There are 2 protein chains.
Amino acid sequence: MATNFDNYFKSAFTVDNVIFGFDEGDLKVLLIKRGEEPHIGEWALPGYFVKTEEDLDAAAKRVLSELTGLTNVYLEQVHAFGSVNRHAFGRVITVSYFSLIKIDNYIIQPSSIALQAQWHTVNGLQHLAFDHDTILESCLQRLKWLVKTRPVGFELLPPKFTLTELQHLYEAILRSPLDKRNFRKKILSMNLLVDCDETQEGVAHRPAKLYKFDRKRYNKLVEQGFNFELKETPIKKKTTAELSS
Amino acid sequence: MATNFDNYFKSAFTVDNVIFGFDEGDLKVLLIKRGEEPHIGEWALPGYFVKTEEDLDAAAKRVLSELTGLTNVYLEQVHAFGSVNRHAFGRVITVSYFSLIKIDNYIIQPSSIALQAQWHTVNGLQHLAFDHDTILESCLQRLKWLVKTRPVGFELLPPKFTLTELQHLYEAILRSPLDKRNFRKKILSMNLLVDCDETQEGVAHRPAKLYKFDRKRYNKLVEQGFNFELKETPIKKKTTAELSS
DNA sequence: GGTAATTAGTGTAAAAAATGCACTAACTAA
DNA sequence: TTAGTTAGTGCATTTTTTACACTAATTACC
């Protein structure tokens, strides 16, 4: 192995943020239009170089804020992508971060190298810059897993929401239909929802009750190691015996 | 943001491998004694710098092979660690990889900067070089999760093993006792074990049947999306109602 | 004002899975 | 022969999951 360490210190890191939101029944992801080479003018995940003197996690927060104006977002690391030729300017490894936010709570403000910053429907998205298609796909997988493990839906909906909205969100993430009664039973049995004693207004049908998420209780359950698993099997599950064939 | 990209290309990456094995009823991890600064003479995870012209995943394989002699090991990425001051020589981000192997199938051959390469019992390990304690801990968490999701035990045991050995392995990873009858029922119901029609020899008690893992069937089930979840709850699980208090 | 359209909201029975638990079987060592 | 040790097995109870269809409340339209 090399003894001259200088050769190794010629690479760069970036961070790429995959920010999910939910609006009008669709899962959305926040993208920027790049105003800098490489891939100038293309849509990309909001990401940029990590500075030498900042921690990786801090860089993700800063970059997100500089490109889109989003602050106070909880970011979770997902995966490092390190193919040799993924960046035209040299050897660049990127680390992806992901988050779930309520779209209405934030104002998107493109700046720095971002010409625009916009929510895009995840379904039927066009090609993204760099290997960002792959990065997005890996975060979608993470989200799918997460939704089965934690009641993440609450992160994506406005403070007050109906059970049907919550169910549609789950269906959008899992990409499969759920049974209404079983879904409600399961969600309500977690005791995480508080009845707001209010109903929808301005809808041309029976108005639904509004609920909000009880974050205190959620934190308490997490602390106690509660298992939030949502198991809903929308399509008939095959048994071990059937699989033996 | 900076327009001089050169400033960003002054960092380095490393990979660190967390290789788990199982022997004599204990979970083991493969460590090397470093023969190079920084942290010379200390025990560390087998890791080294990624070359500029190699993919990240390939680097993990190469480094593992060069330091310990292990080849043909399936490595899975776990997490990137990027605190500013984690390496004395400059800004170095490391990406951890983990694997499960059968100790007896491999010959450990320290070379390159590894003065020694040895299996260490995970429990009660001394302090490791760099932030490798943290890295190891995060891989242990991953392993704990994995064992509930996939029948990973088979990766760690010799080709022929007894059900009791398999149970002890699970107990070592999960750090809690399991019920013998329920464990056997569950494992056998997956139809992943083949009875070898052999029994243990040279034990001073009733000899146990030997089983082997049916990898073909395993691959088939994975392909069909089978859920391997092992749910064994060794200590009484609290209900939602009880937690409300 | 009545009715059609639309979504909200609710319960139960059957099947499957998880749980808790204690004795007999087979072998070796002394 | 016996004591010691680990292997191996079943069942009844509880809990969880699943499948499934009707009534309730509101608006829009005639």
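Bear in mind the structure is a predicted one, so any value in this text is a computation, not a measurement. Just so you know, these numbers use all the heavy atoms, side chains as well, and skip hydrogens, waters and symmetry mates. A, B, ... follow the sequence lines: proteins, then strands. Residue 1 opens every chain.
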| said: Pair B:L100, B:L143 - check side chain to side chain contact (heavy atoms under 4.5 Å, CB included), show working. | reply: CA-CA 9 Å; B:L100 304 171; B:L143 176 56; 3.6 Å; yes
| request: Go through the steps for B:F98 and B:L146 under the test side chain to side chain contact (heavy atoms under 4.5 Å, CB included), then give the verdict. | output: CA-CA 11 Å; B:F98 113 127; B:L146 203 65; 3.7 Å; yes
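Within 3.5 Å, no donor on the side chain of B:K186 pairs with an acceptor on the base of C:dT19, nor the reverse.
Counting to the nearest Å, the P atom of C:dG9 and the CD atom of A:Q167 are 11 Å from each other. For B:I187 and D:dG8, the CD1 to P distance is 14 Å, given to the nearest whole Å. Taking atom CG of residue A:L163 and atom P of nucleotide C:dG9, one finds them 6 Å apart after rounding to whole Å. Separating the CG atom of A:N182 from the P atom of C:dA16 is a distance of 16 Å, rounded to the nearest angstrom. Atom-to-atom, NZ of A:K180 to P of C:dG9 comes out at 8 Å; the value is rounded to the nearest Å. At whole-Å resolution of the value, NE2 in A:H205 and P in C:dT6 are 11 Å apart. Atoms CZ (A:F161) and P (C:dT7) sit 20 Å apart, rounded to a whole Å. Between A:F183 atom CZ and D:dT18 atom P there is a gap of 14 Å when expressed in whole angstrom units.
A centroid separation of 6.0 Å or more is found between the aromatic rings of A:F213 and A:F161.
Picking from C:dT7, D:dC20, D:dT9 the nucleotide with the shortest atom distance to the side chain of A:D179 gives D:dC20. Checking D:dT26, D:dT5, D:dT9 against every side-chain atom of B:R184, the shortest atom distance belongs to D:dT9. Candidate nucleotides C:dA26, C:dC21, C:dA8 were compared by shortest atom distance to the side chain of B:P207, and C:dA26 ranks first.
Both B:V203 and A:A208 lie close to DNA chain C; mapped to their nearest nucleotides by heavy-atom distance, the more 5′-ward contact belongs to A:A208.
In this structure, B:K209 reaches the sugar-phosphate backbone alone: every heavy-atom distance under 4.0 Å involves primed, P, OP1 or OP2 atoms, never a base. Contact annotation for B:K185: base contact, defined as any heavy-atom pair under 4.0 Å involving a base atom.
Between B:N123 and B:D26 the shortest side-chain heavy-atom distance does not fall below 4.5 Å.
For B:T164, a side-chain nitrogen or oxygen approaches OP1 or OP2 of D:dA7 to under 4.0 Å. When the side-chain nitrogen and oxygen atoms of B:R181 are compared with OP1 and OP2 of D:dG8, none of them lie within a distance under 4.0 Å.
Judged purely by atom type and a 3.5 angstrom limit, A:D133 has no side-chain atom pairing as donor or acceptor with the backbone of A:H127.
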